[in-house]
Number of protein chains: 2
Amino acid sequence: MRITALEEYGLRCMIILARCGKDQALTLPEISEREGLTVSYAGKLLMILRQADLVQAERGRHGGYKLAKPAESISLKEIFKALGEPVFNPAHCKRYSGENETCIHTKDCRVRDVWATLSMFIDDYLQGISLADLAYGEIKILKKLEAMKALAT
Amino acid sequence: MRITALEEYGLRCMIILARCGKDQALTLPEISEREGLTVSYAGKLLMILRQADLVQAERGRHGGYKLAKPAESISLKEIFKALGEPVFNPAHCKRYSGENETCIHTKDCRVRDVWATLSMFIDDYLQGISLADLAYGEIKILKKLEAMKALAT
DNA sequence: TTTAATCTTTACTAAAAAGTATAGATAAAA
DNA sequence: TTTTATCTATACTTTTTAGTAAAGATTAAA
């Protein structure tokens, strides 16, 4: 199970935007410079985020990107939804069907139950963390994570 | 976040072996036929599983693969560990470092905290499910998953 | 000892994901 | 109106993952 490059870098771009202040826009060169990415790649990431309505873009002089809404009201779940697929989705069983048309376990599949439940856990976890927590809630988020850990064990 | 092909198919091969009975061995053609995989690909998967000591192989006539220990004492966590990397590991920050030598957030990184905690949750979850649960615990596993869901919300 | 059925290993090809480049569109300032 | 700074879109290249092929090693039976 892997976090993809789009997810990792896309999230970091969101953090940078959250940190730069609500009404100030950052340009692609600025974003890419801060995260150590090429301008092209940052452009690709920001396009994805814009198409998901997570950021707003403005062209021309004084243009750039800013968050489409306050960091407090953007959850990691939303961000991940924009950047990739969930751990488990209905296409899974078709994708991993080997030589067959669909997976041979189509009905009554325990593996699917396990993935679906895990996927739900992950979604809940990501839902509970806001972009603001990550961008400037240094103390808050550590406490939150500690609390979640304690709950889990 | 994605489940990889090795993880998905590798787990399914383990389930097939668990279902075939403790002392009976299955050959590559048998395994591949049951899961709809090519013999070559099944060979690759089983080699990985063998090198992780999850299955035992015997060559020659009457050869084949069987589980290295009872399905009750093999957790999904072990199986996943053999087949791929965890969601978060120490190499992560180096891998996703953009143009830089290491990620610019090396010290005091909230993103890393979030991944590390998530990774721990996932491990706990996988640890709590045995191969036996998946292979022949039809009722048991559904109940288990329901209980875990209830706990989470 | 030969043969056939099996696993083992390594190298190869194909597909997907990651990352780059380039030409075009828009906005504002000169 | 021209120029410059910006985003946008698409096509391309590289790297990684997925999947295949083929030759070798082992075992047991004939």
Side-chain angles (χ1 to χ4, degrees), chain A residues 1-13 17 24-33 35-68 83-85 91-92 94-100, chain B residues 1-13 17 24-33 35-68 83-85 91-92 94-100:
Chain A
M1 225 165 331
R2 274 206 6 257
I3 293 165
T4 66
L6 289 183
E7 288 166 344
E8 176 73 30
Y9 289 129
L11 173 58
R12 292 200 215 158
C13 290
L17 290 176
Q24 204 196 335
L26 288 180
T27 67
L28 283 179
E30 285 169 335
I31 294 169
S32 64
E33 203 268 334
E35 202 51 67
L37 305 173
T38 62
V39 175
S40 277
Y41 192 45
K44 186 176 194 169
L45 292 167
L46 270 294
M47 191 176 60
I48 293 170
L49 294 169
R50 182 183 53 81
Q51 286 171 349
D53 288 321
L54 289 170
V55 304
Q56 289 177 332
E58 197 149 345
R59 296 207 255 197
R61 286 235 176 137
H62 313 310
Y65 295 90
K66 53 178 110 172
L67 295 183
L83 294 164
E85 305 234 302
H92 187 91
K94 192 154 194 184
R95 173 169 191 173
Y96 296 114
S97 61
E99 306 275 86
N100 306 312
Chain B
M1 226 164 330
R2 272 204 9 256
I3 293 165
T4 66
L6 288 184
E7 287 165 344
E8 177 75 30
Y9 290 129
L11 173 59
R12 292 200 214 156
C13 290
L17 290 175
Q24 202 195 337
L26 288 180
T27 67
L28 284 180
E30 285 168 334
I31 294 169
S32 63
E33 204 268 333
E35 201 51 67
L37 304 172
T38 62
V39 175
S40 278
Y41 192 44
K44 186 175 194 169
L45 292 167
L46 271 293
M47 189 177 62
I48 293 171
L49 294 168
R50 181 183 55 80
Q51 286 172 348
D53 289 321
L54 289 170
V55 304
Q56 289 178 331
E58 199 149 346
R59 294 205 259 197
R61 285 235 177 137
H62 314 309
Y65 295 91
K66 54 178 111 171
L67 295 182
L83 294 164
E85 306 234 302
H92 187 92
K94 192 155 193 184
R95 174 169 191 173
Y96 296 112
S97 61
E99 306 275 87
N100 306 311

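Each chain gets a letter, A, B and so on, in the order the sequences are listed, and its residues count up from 1. Here the structure is a predicted model, which is why all the values come from computation and not from measurement.
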Rounded distance in Å - NZ (B:K44) to P (D:dA22): 16 Å

CZ of A:R61 versus C1' of C:dT26: gap in Å, rounded? 13 Å

State which of C:dC7, D:dT4, D:dT16 makes the closest approach to the side chain of B:P29. C:dC7

For A:Q51 and D:dA9, is the shortest distance between a side-chain N/O and OP1 or OP2 below 4.0 Å? yes

Closest of D:dT16, D:dA9, C:dA17 to the A:R95 side chain is C:dA17

Evaluate B:L54 against B:I48 for side-chain contact (heavy atoms from CB on, under 4.5 Å), listing each step before the verdict. CA-CA 9 Å; B:L54 289 170; B:I48 293 171; over 6 Å; no

If you assign each of A:A5 and A:R59 to its closest nucleotide in DNA chain C, which residue comes earlier from the 5' end? A:A5

Hey, what do you get for CE (A:M47) to CG (A:L49), rounding to the nearest 0.5 Å? 10.5 Å

Among D:dT6, C:dG19, C:dC7, the one nearest B:L28 by side-chain distance: C:dC7

Taken to the nearest whole Å, NE2/B:H62 to P/C:dA4 is 15 Å

Shortest non-hydrogen pair, B:P29 vs B:V39, comes out as CA-CG2, 4.1 Å

Tell me: CE of B:M47 to P of D:dA18, nearest whole Å? 15 Å

Check: A:I3 main-chain N/O paired with A:E8 side-chain donor or acceptor under 3.5 Å: no

Checking all strands, does A:G64 fall into the base, sugar-phosphate, or nothing category for heavy-atom contacts under 4.0 angstrom? sugar-phosphate

OP1 or OP2 of D:dT16 sitting under 4.0 Å from any side-chain N/O of B:R2? no

Whole angstrom is fine here: how far is it from OH in B:Y41 over to P in C:dA15? 14 Å

Between C:dA16 atom C1' and B:L6 atom CG, what is the distance in whole Å? 14 Å

Taken to the nearest 0.5 Å, the spacing of B:E30 CD from B:Y65 OH works out to 12.5 Å

Comparing B:T4 and A:L46 on DNA chain D - which has the more 5′ nearest nucleotide: A:L46

Taking atom P of D:dT6 as reference, at what distance in whole Å does atom CG of A:L26 sit? 11 Å

Separation of atom CZ in A:R50 from atom P in D:dC7, rounded to whole Å: 11 Å

Does C:dG19 have OP1 or OP2 under 4.0 Å away from a side-chain N or O of A:S40? no

Closer than 4.0 Å, any side-chain N/O of A:Y65 to the OP1 or OP2 of D:dT8? yes

